[in-house]
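See structure below.
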There are 2 protein chains.
Amino acid sequence: MAKSETPRKRRKVQGVTMMDVAERAGVSPSTVSLFFRNPDAVSAKAGNAVRTAVRDLNYAPNRMAGGLASASSPVVGVIVPSIRNAFFAETIASLQRGLDPARLQIMLGQTEYDQSVEDALVRTTLSWAPAALVVAGTDHSAATRQLLKASGVPVVEIWELGGETPLDMAVGFDHREVGAAAARHLASRARRSLVFLSGRVHEDKRAASRAEGFLAEAKALGLPARHFDHPAPATTELGGILFNRVLAELGNEDAVGIGCSNDHIALGVLFEAQRQARSIPGDYAVMGFGDLEFASSAAPALSTIRPFGDVIGSETARLILGRRAGLEDTDRTSIIDTGFRVVQRQTT
Amino acid sequence: MAKSETPRKRRKVQGVTMMDVAERAGVSPSTVSLFFRNPDAVSAKAGNAVRTAVRDLNYAPNRMAGGLASASSPVVGVIVPSIRNAFFAETIASLQRGLDPARLQIMLGQTEYDQSVEDALVRTTLSWAPAALVVAGTDHSAATRQLLKASGVPVVEIWELGGETPLDMAVGFDHREVGAAAARHLASRARRSLVFLSGRVHEDKRAASRAEGFLAEAKALGLPARHFDHPAPATTELGGILFNRVLAELGNEDAVGIGCSNDHIALGVLFEAQRQARSIPGDYAVMGFGDLEFASSAAPALSTIRPFGDVIGSETARLILGRRAGLEDTDRTSIIDTGFRVVQRQTT
DNA sequence: TTGAAAGCGCTAACAA
DNA sequence: TTGTTAGCGCTTTCAA
């Protein structure tokens with residue numbers, strides 16, 4: 001069949017549009033639009049007609065048209081170092097859950113711990129006119145900070161507090177305090193010297209803060225402390241490697257307290273200690289960070305620090321929805337400290 | 001109608017538009033647009049003028065306007081059960097890397113293993129006119145299948161092959177075969193009976209397939225086999241619980257082969273065996289699935305099956321970019337089996 | 001190779 | 001409460 005003869009006017013591309021719905025419902029398009037945004041502003045009769053038409057035609061609104069017209073899209077940009085990181089994964093899952101009722105979707109970006117990538121991602125994401133932008137940490141390039149401020153888009157910085165002043169809103173906790181708490185906890189377990197194990201601390205600013213806090217607190221407590229870092233990612237395998245370095249350099253000391261930059265490293269220490277027949281927590285007390293899934297079931301069960309990554313996600317959602325609802329943040333602070341908890345188990 | 005001289009004409013909302021760039025560069029907007037999509041189609045002079053203007057004005061295109069006009073947005077929708085699942089996280093990370101050069105961004109959706117949520121997410125995501133849609137598995141509701149087919153959007157189903165016929169493209173592997181391979185491997189290690197441990201197999205279709213394949217192969221091999229499932233998620237903790245059930249019910253057997261639905265469960269078995277002073281791999285050989293980060297460093301090192309989640313991501317990206325480039329899939333199949341590898345370590 | 005013109009599908013003033 | 005109208009910023013014919 002010959003399709004549209006001459007007038008290549010409408011290069012209609014979407015099955016059902018709002019106009020179709022309006023026609024079918026016997027109302028104007030703007031009534032349909034209004035109905036979607038505020039059902040109560042429309043008469044029951046019109047509302048029902050629209051509802052029926054939507055169902056009959058199986059209509060789904062075009063988000064881009066809506067976004068273009070309203071200069072804001074139902075998208076929340078989320079920019080994190082890596083989604084493979086269990087911390088961010090947990091927060092994103094929980095954030096999404098919180099955003100769901102508002103029908104906001106997540107647009108994901110991963111920086112791989114590269115600030116220039118972050119810059120690019122912020123630019124691109126901003127070009128969607130997102131309802132909000134969520135970024136990990138408070139450490140951004142000057143260009144990015146400038147861009148974010150200028151954009152007028154609500155920004156939530158997550159998983160870090162206590163460093164740079166937040167650009168707008170922030171949900172997280174102070175990683176230096178985490179390190180300090182780990183050192184204090186180990187000290188309370190009669191440790192005579194402390195070490196901190198980490199991976200590529202030069203890239204992971206938050207891990208670096210934990211190390212700093214740990215070492216500073218050790219000093220304050222009058223305990224000798226050393227830091228073993230490695231340029232590799234902070235994995236279980238690295239934990240084993242680092243523990244062997246500890247053994248090589250402190251092999252004849254006992255009552256050592258080992259703080260780990262995360263639970264993966266701590267797990268590696270546990271395994272390696274088992275292989276090397278070292279006693280935990282006797283000679284080496286071990287403290288992780290993250291309270292990851294396996295921590296409580298490890299043998300021996302891993303003492304660690306729990307960061308509440310899910311709360312970070314839900315609070316972030318709350319702030320975003322609050323801002324959307326037009327609640328100004330005069331009445332409540334928009335910097336939320338979700339804190340952390342020291343969880344003592346068998347390794348300390 | 002006189003020329004409207006009403007003031008509220010343009011509710012300009014974006015700092016710099018393509019028109020501004022065009023004006024500054026001394027060309028028309030359509031030339032600027034053309035330059036972005038195909039720089040070579042524009043004269044060097046015009047191209048340079050545009051490039052300079054873009055830089056000077058710090059222009060970022062409005063993606064929604066572009067998407068609306070072209071009826072397709074630079075977005076790839078990704079719908080998975082959960083981003084906290086390390087498998088999907090790895091694939092998404094790798095997918096994003098592959099999509100990056102084409103400036104495609106990921107719009108994320110999580111179903112939490114709920115098909116009605118999947119339905120809703122597919123609808124919503126489709127309303128962005130995405131360049132492609134990536135969904136986990138091949139098991140979808142009839143409505144979703146219908147919607148996807150009708151949309152004309154390229155669809156890639158990932159992490160599963162061998163079940164339903166793919167809707168369009170698919171990248172993954174056969175989970176039944178994984179289960180069978182695990183059973184065969186354990187049989188080859190002189191096991192006299194087999195068990196399979198899993199969590200909420202009623203929700204996780206792929207885990208169910210692995211269990212099925214395992215049990216069917218055990219039968220084919222003439223080995224007695226049992227399946228221990230639990231409605232809880234497949235975690236390390238659950239591994240310990242399930243292992244205790246194994247001990248309770250098969251306590252006086254030796255040379256048992258334990259297949260686990262994933263490495264978390266296997267890790268839990270390892271820890272619990274250590275607590276209960278059971279010998280691995282002597283009395284209990286253990287086989288995981290996933291080759292997660294900790295598997296190779298565990299003590300004893302965990303035998304497992306490696307699924308190549310990163311390859312799934314990169315191949316998915318390749319298919320999407322290929323489809324975009326207009327390459328029809330007549331010349332090459334668009335169903336890619338990424339396979340898996342049995343990795344033998346110390347637990348078998 | 002470039003530009004004019006006509007929308008893409010929706011929202012938002014404003015008027016009725 | 002509803003409809004009219006005029007865009008949002010970009011892409012895409014088509015003609016020059």
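The structure presented is a predicted model; accordingly, all values stated were derived computationally and were not measured. To find a chain, count down the sequence lines: A is the first, B the second, and so on, and within it residues start at 1.
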Could you state the [atom1]-[atom2] distance from [X] to [N], rounded to the nearest angstrom?
X	N	atom1	atom2	value
B/N38	C/dT1	CG	P	9 Å
A/M18	D/dG3	CE	P	13 Å
A/M19	D/dT5	CE	P	13 Å
A/N62	D/dC8	CG	P	18 Å
B/W128	C/dC10	CH2	C1'	12 Å
B/M64	C/dG9	CE	C1'	13 Å
B/K45	C/dT2	NZ	C1'	12 Å
B/F35	D/dC10	CZ	P	15 Å

Please determine, by modelled atom types, if [X] and [Y] share a side-chain donor-acceptor pair under 3.5 angstrom.
X	Y	value
A/H140	A/E118	yes
A/R318	A/S314	no
A/T124	A/S127	no

Hey, is the side chain of [X] poking within less than 4.0 Å of OP1 or OP2 on [N], counting only N and O atoms?
X	N	result
B/R37	D/dT12	yes
A/S28	D/dG3	yes
B/Y59	D/dG9	no
B/R63	D/dG9	no
B/T31	C/dT2	no

Taking the side chain of [X] as heavy atoms from C-beta outward, which of [options] is closest to it?
X	options	result
A/S70	C/dT11, D/dT2, D/dG9	C/dT11
B/T17	D/dC10, D/dG3, D/dT2	D/dC10
A/P61	D/dT11, C/dG9, C/dC10	C/dC10
A/A69	C/dT1, D/dG7, D/dT2	D/dG7
A/L68	C/dC8, D/dC8, C/dT1	D/dC8

* To do: Under 4.0 Å between any heavy atoms, over every strand shown, what does A/S30 touch: base, sugar-phosphate, or nothing? Just pick one.
  =>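 Base, at least one base heavy atom under 4.0 Å.
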* Asked: Do B/K205 and B/E164 meet the salt-bridge criterion of a basic N to acidic O distance under 4.0 Å?
  ->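 The answer is no: the pair does not qualify as a salt bridge.
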* Asked: Ion pair present between A/R323 and A/D168, side-chain N to carboxylate O less than 4.0 angstrom?
  ->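 Looking at A/R323 and A/D168, the cut-off is met.
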* Structure fact -> Contacts of B/A65 and B/G26 projected onto DNA chain C by closest heavy atom; the upstream (5') one is B/G26
